[in-house]
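The structure under discussion appears below in the form of structure tokens.
The sequence lines fix the lettering, A, B, ..., with proteins before strands; numbering per chain opens at 1. Note that this is a predicted model, so its numbers are computed, not measured.
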Amino acid sequence: MNDSLHDFEIFLLLSVLKVAVVLVITLMCVAYTVLLERKLLGRMQNRWGPSRVGPFGMLQPLVDGAKLFLKEDLMPLAVERPLFLLAPVIALGCALISVGVVPFGAVTRVRGVDMFEIANVNIGLLVILGITSIGVYGIALSGWSSNNKYSLLGSLRSTAQVVSYELALGLSLVGVVLRAQSLNLRTIVDSQSAHGILSWNIFGGFQFVAFFIYMMAAYAETNRAPFDLPEAETELVAGYHTEYSSMKFAMFFMAEYANMITVGCVATLLFFGGASSPFGHLIPAVGGRYVQAILPVFWFVAKVFAFLALYIWVRATLPRFRYDQLMSFGWKFLLPLAMANIIVTSFVLALRG
Amino acid sequence: MQLALFIIFGALALGGALNLLFQRHPINSALSLVVVMMSLAVLYWSLGAEFLAAAQVIVYSGAIMVLFVFVIMLLNAGEEERTNGSHAASIVGFPGAAAIFCLLSFVFLSERDALGKANVGGDLGNGADNIAAVSQMLFTRQLLPFEVTSILILVAILGAVVLARKEQ
């Protein structure tokens, strides 16, 4: 240990390390979520899915990545060049930044720096919501700058859909915030970690209505089935990314899966107790310090993985909505339900004092 | 470091505002406005007003400007013609802008004691939790202006519904 380093230098170096590790792990998760989706979808449709590259097709993401890197990068003549190049960067950037405020494990301090969260922000929840709302620009601009009617239609659909469902999504989280009395993600997790599974917001907090509103709105926000109208291939070729090729297409693709991971993280943090164990204090603290530090991370990853599997399951099960059904579902059903949830939750909390 | 943040994002806000005026395509202007709002949000944050910063990003950049961009895309607005501007605009515009600038500076300078001193970046380090204070203020002392504003917005929504409704 070199004690000649100042506190600030330690903080800086450890922060850079955290950012690098989290970024690499997130990108690897994105790559392997694609494989997970193809495998699970395959099994649900009674076929094998990718199985040729490596054992059980485990090397498929690497080969896919190499393929996308080596493909010819076509640049259509009629596009608005600066915005066409900027759009995938916005989409992927926003998708990756929001992981920065997610706490992955219990508070574990190494030389004063919390190792399992990049930035502990007082308004962590609002930061995630804000970054998600900025991510719309990636889709909107890609469709507009492509100068292609299918792309434009896809991005118009997507923008309208995301703006509409953002309201229901934001309102569904208010109940959780009321219970935790904070927007800090660590505090929200701590408010549910007292008695394991019984004190999770979805069970003990009676926020299951909010949870279902959140999941439906989040599926619409990430443009996933059954709300994947922006890229409805039977109507719009491929929607907003029709004109993109090679790595620029891959950036949209990665942004979609990174957003799925973020949604899984937020649902875990807000409704399923984050990194806390589902058994509470029933299981004695076995192992040393290191096991106790890693175990919460294991619970967190397991929960996020369950949400990713749910995403894929829903995609394999449900057909796509019609556009007017989508809008009336969002505005006439989810939004009033979210407001009713807020009123009931605050009423109960006020009665309890 | 906090002064550096202030200088960088202040310059970014100014540059975005100028770019907003000089760009000829409406979508570029709208995006410059987004840059201005995001830099303002960072400035709010560096002053310790983190809730205001988040609200600025979510409401202005994430909702209102998205609708601006949406409308520009939907109407497929083309590039503007470069004109020299009307005569009246140059006669009234420059003195008007100067007058507003002078008035605002006068008010801020004369009410300096009441407004208090802003500590640039001073509240960034210790992570003040001011959401409770903001809501306390909004729902007790500022309740009437708050409710009147929400009624104003409701009236605007009703007006939009009336305009958009089809005639039977």
Report the option among [options] that has the most heavy-atom pairs separated by less than 4.5 Å from atoms of chain B.
options                      : answer
A/Val162, A/Asn184, A/Ile134 : A/Ile134
A/Val136, A/Leu83, A/Val163  : A/Leu83
A/Leu141, A/Leu152, A/Leu156 : A/Leu156

Original post:
Non-hydrogen atoms of chain A under 4.5 Å away: do they reach the side chain of B/Met38, the backbone, both or neither?
Top reply: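 For B/Met38, side-chain heavy atoms alone lie under 4.5 Å from chain A.
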Original post:
Tell me, side chain or backbone of B/Val66 under 4.5 Å from chain A's heavy atoms, or both, or neither?
Top reply: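 Both parts, heavy atoms under 4.5 Å.
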Original post:
Looking at CD1 of B/Ile64 and CD of B/Gln56, how far apart are the two atoms once the value is rounded to the nearest 0.5 Å?
Top reply: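 These two atoms lie 9.5 Å from each other.
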**OP:** Could you tell me the separation between the CZ atom of B/Phe51 and the CG atom of A/Leu126, rounded to the nearest 0.5 Å?
**Re:**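 Output value for this atom pair is 6.5 Å.
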Original post:
What option among B/Val59, B/Val34, B/Leu67 has the most heavy-atom pairs under 4.5 Å with chain A?
Top reply: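 Between B/Val59, B/Val34, B/Leu67, the count favours B/Val34.
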Original post:
Contact part of A/Gln181 toward chain B, heavy-atom cut-off under 4.5 Å: side chain, backbone, both or neither?
Top reply: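 A/Gln181 has no heavy atom closer than 4.5 Å to chain B.
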Original post:
Side chain, backbone, both or neither: which part of A/Leu167 has a non-hydrogen atom closer than 4.5 Å to chain B?
Top reply: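 Interface part for A/Leu167: neither.
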Heavy-atom pair of closest approach, residues [X] and [Y]:
X        : Y        : value
B/Ala41  : B/Val57  : CB-CG2, 3.6 Å
A/Ser98  : A/Thr262 : OG-CG2, 3.6 Å
A/Ser346 : A/Leu178 : CB-CD1, 3.8 Å

Original post:
Are the side chains of A/Met75 and A/Leu85 in touch, meaning some heavy atoms are under 4.5 Å apart?
Top reply: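 Touching, per the 4.5 Å side-chain cut-off.
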